[in-house]
Amino acid sequence: MTESSILGEHRVAGTSEVASRPTPSLLTQSPLTPEELRKTHAYWSACNYLSVGMIYLRENALLRQPLKPEHIKNRLLGHWGSDPGQSLIWVHLNRLIKKYDLNVIYISGPGHGAPATLANCYLEGHYSEIYPDKSRDEAGLLKFFRQFSFPGGIGSHCTPETPGSIHEGGELGYSISHAYGAAFDNPDLIVTVAIGDGEAESGPLATSWHSNKFLNPIRDGAVLPVLHLNGYKIANPTVLARIPHEELESLLIGYGHKPYFVEGDDPSTMHQKMASTLEQCVLEIRSLQQHARATGDSTRPRWPMIVLRSPKGWTGPKEVDGHKVEGSWRAHQVPILDAATNKKSLRMVEDWMRSYKPEELFDANGTLIPELQELAPSGTRRISANPHANGGLLRKELELPDFRAYAFDVKAPGAAYVSPTDALAHFLAEVMRRNMSSFRVFGPDETASNRLAAIYAASKKTWLAEYMPEDADGGELDPYGRVMEMLSEHTLEGWFEGYVLTGRHGLFSSYEAFIHIIDSMFNQHAKWLEKSKMELSWRAPIPSINILITSLVWRQDHNGFTHQDPGFLDVVTNKSPDVVRIYLPPDANCLLSVADHCLRSRDYVNVIVADKQEHLQYLTMPEAVKHCTKGIGIWDWASSDDGAEPDVVMACAGDIATMESLAAVAILKEHFHDLKIRFVNVVDLFRLMPESEHPHGLSDRDFDSLFTAEKPVIFNFHSYASLIHKLSYRRNNHDNIHVRGYKEKGNINTPLELAILNQIDRYDLAIDVIDRVPRMRSVGAHVKEWLKGQIIESVNYAHTEGIDKIEIRNWKWPG
Ligand SMILES: Cc1ncc(C[n+]2csc(CCOP(=O)(O)OP(=O)(O)O)c2C)c(N)n1
Ligand SMILES: [Mg+2]
């Protein structure tokens, strides 16, 4: 810590800047007495011993005998380099939790440093409470070692099996956003987050520093970032460790923080520095919060943070085979790999492990000695046992208004146009009003664009950066807003995940094409849910992630080709059927019914696809509820099979696909009075899968009765056609299912022109029916010619007038 880095003021310029109120500095002090220092170091040594033991040992957990090759695991898997630094943070947090009765959770950005987290969980006793066979004795310790990064055991990251973890940290980049998500609406909570200096190079992490402009010091808790500057990644130095101190400090100040530096490699000195700096940060956080809460002044403070510059693989082997290991990237994983086959290496591992003096740390029983046990907090104050990290325990049901009250009055099917998302927004506004401390809406600068602006009547957009006079004119900004808008899908998704992982609720709306930005985050969260839900009964169910995909491929009026990508659904269907759901409500009433269902659900990622533009409305609310509950169904009013075997099944999923299918049916009915058409609409996409593969799957009998055993099915799909084939390939009638979907043909188009380019339009669908129903092939020749003419005419009209014909724009179901 340099003097220059201690900024004199606490608050960042804003329209109502608060005068500086420095907290008296503890930084020059050595807060630990010699006795405390000795014990703290011993506890940290126990953490480090356990970290190494997890990676290496399958026998002889406490080195009661000389180390032999057969004590070493056959495969040495796991990461050492990050562990000592991360344990240092945890151990020093323990002291302050006890001293100030703090409510703290810890997020390990480099989750591959799990040995540190696991060691601390075990040493503070919570691990054994959850997994009694990993008891606090030598036998339990050995089981604890053996299971780590071992087939049939646990993974090598802070996986859901890890008590106290809400962040796996396998895929780097989301630690800060998860931390802020956890801190929102938790005024008492301090979320400490270790950020890997490698992780800090990732895009999601880099942008997430701005989260502090969205944290309200009165309403929310605090985040304490600790940038873990151990200098290296897997095989490279890190950028932040190789820029001058001044640049790094300026960068962090530029992000709105007040950075404190804890730098060095001498453990005794580092313990004192860490103790004083962490205490300084905690006291500053408290003082900032107390000031804001006492005065009601929510101006954004300059929150403290720590830069911990310590060697990678600290306290481990200094050199192996002539190569520097401690303080180098070579410490990242397992520093000595041939311990089972090379005597010299075996001795090195033994010397390394004995350097922590396990015989002084654990008693004859193999239990951590009482004077060290006392250093950890107790009960739910232990980081590993904090209920916020098992958020389902704290989850309160959302108080939901009756969604039926927001119904659109459908007088006749397909007779009136409404924006589905606007209808939804009025419902969400009331959800917000009734849950003003446990519900948030997330969107990347798109809430208004997605026609959800009605929510602002209940709560505006969180904003703790500067205000300008013009903001008063429709800016909808508010330090107390509950609508989270930042132009980073990563940060939003991370906040949302942190928010639900700690037991609260929300909804994320995104342009369809750009939801792909968080494909990978979705994957990771789904994996977390799958483990938590299916394998870990001690993890209480958490609220679902609800993703509303809107501004859909088919109606990218302003934007064109780059904004046309409905492929997120493909990603979603790769994930476990236990945790993902996809809904394509065809109209506003169905959207309301689906949204209500999703907001009540737990442990899912629900994906809802619904456009923002005005669309035809088909079902009354009672009909919509029935239809959405079934998830798939025949629309009698659109069918002409009159209970008989149909000639063709017109199936569809998605609002725009549904309208084009209906329009095709209307054309066919007009020209072929005796054609028996069955109209099937799909809301719940997984109804298409076999029931053996997905809990929502239809039985073959139900599928056959809807789609027939051998009649042609013309399936108009919102997204890519291959997905319908993937879901339905095992069905009896699969060979006759002909799917239309997006084919990557697009530009600035009119809606009908775009549909035509991709052949999901009414004319192409009608031609398909003529082609696929054997008796229509020659009977339908004249109509087919006319349909082809319509296609040419429609495209020409679009290219000449720049708009679809009025009868297309105002098309209604003829009834
Ligand atoms: C997004 C992502 N990209 C790449 C990796 C592969 N990877 C695992 S660890 C690591 C280096 C991490 O370095 P750092 O964040 O500095 O962690 P530490 O030094 O504490 O181990 C990389 C690149 C990953 N896990 N996630
Ligand atoms: Mg690093």
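Whatever order the structure lists them in is the order used to number ligands and atoms, beginning at 1.
Among all non-hydrogen protein atoms, the one lying nearest atom 20 (O) of ligand 1 is S82 OG, 2.7 Å. Looking at atom 14 (P) of ligand 1, its nearest protein heavy atom turns out to be G198 N, 3.4 Å. Nearest protein heavy-atom contact of atom 15 (O) of ligand 1 is E199 N, 2.8 Å. Here the heavy atom of the protein found nearest to atom 25 (N) of ligand 1 is G170 O, 2.7 Å. Protein heavy atom closest to atom 19 (O) of ligand 1, with residue, atom name and distance, is K312 NZ, 2.6 Å. Protein heavy atom closest to atom 17 (O) of ligand 1, with residue, atom name and distance, is H112 NE2, 3.4 Å.
At least one N, O or S atom of Y232 sits under 2.8 Å from the Mg ion (ligand 2). For the Mg ion (ligand 2), the set of nearby N, O or S atoms under 2.8 Å includes one belonging to N230.
A pairwise comparison of heavy atoms in I195 and E199 identifies CA-OE1, 3.6 Å as the closest pair. The minimum heavy-atom distance between H257 and W303, with the atom names listed, is ND1-O, 3.1 Å.
When distances from atom 4 (C) of ligand 1 to the protein are checked, no heavy atom turns up under 4.0 Å.
Residue-to-ligand polar distances keep T238 apart from ligand 1: every N/O pair is separated by 3.5 Å or more. Below 3.5 Å of separation, one finds no N or O of I234 facing any N or O of ligand 1. Backbone and side-chain nitrogen or oxygen atoms of K233 are examined, and none is located within less than 3.5 angstrom of a nitrogen or oxygen of ligand 1. In terms of polar-atom proximity, L172 is counted as a contact of ligand 1, with an N or O under 3.5 Å from an N or O of the ligand.
Of the residues listed (Y174, Y180, F184), the one engaging W495 in a ring-ring contact (aromatic ring centres under 6.0 Å, His included) is F184, and it is the only one.
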- Task: Start with the C-alpha gap between I542 and L501, add the side-chain angles, then the distance that decides, and say whether side-chain contact (heavy atoms from CB on, under 4.5 Å) holds.
- Result: CA-CA 6 Å; I542 56 170; L501 285 161; 3.7 Å; yes

- Task: Just do the side-chain contact (heavy atoms from CB on, under 4.5 Å) check on L346 and D338 with the steps written out, would you?
- Result: CA-CA 8 Å; L346 187 68; D338 57 351; over 6 Å; no

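When each atom of ligand 1 is checked for a heavy atom of N230 under 4.0 Å away, the hits are 18 (P), 19 (O), 20 (O). Close approach of ligand 1 to P110 is summarised as follows: ligand atoms under 4.0 Å from at least one heavy atom of the residue are 17 (O), 20 (O).
As for D197, its N/O/S atom nearest the Mg ion (ligand 2) is the one called OD1.
Counting heavy atoms closer than 4.0 Å to ligand 1, residue D197 contributes atoms from both its backbone and its side chain.
A salt bridge does not link K312 to E326: none of the charged nitrogens lies less than 4.0 Å from a carboxylate oxygen.
Ring pair W80/H332: centre-to-centre distance not below 6.0 Å. Aromatic pair Y127/Y131: centroids less than 6.0 angstrom apart. Outside the 6.0 Å centre-distance limit, the rings of Y56 and H71 are not counted as a close aromatic pair.
Looking at E168 and T159, their side chains never bring a donor and an acceptor atom within 3.5 Å of each other.
Note: H112 and H79 have tilted aromatic rings, judged against thresholds of 30 and 60 degrees for the angle between ring planes.
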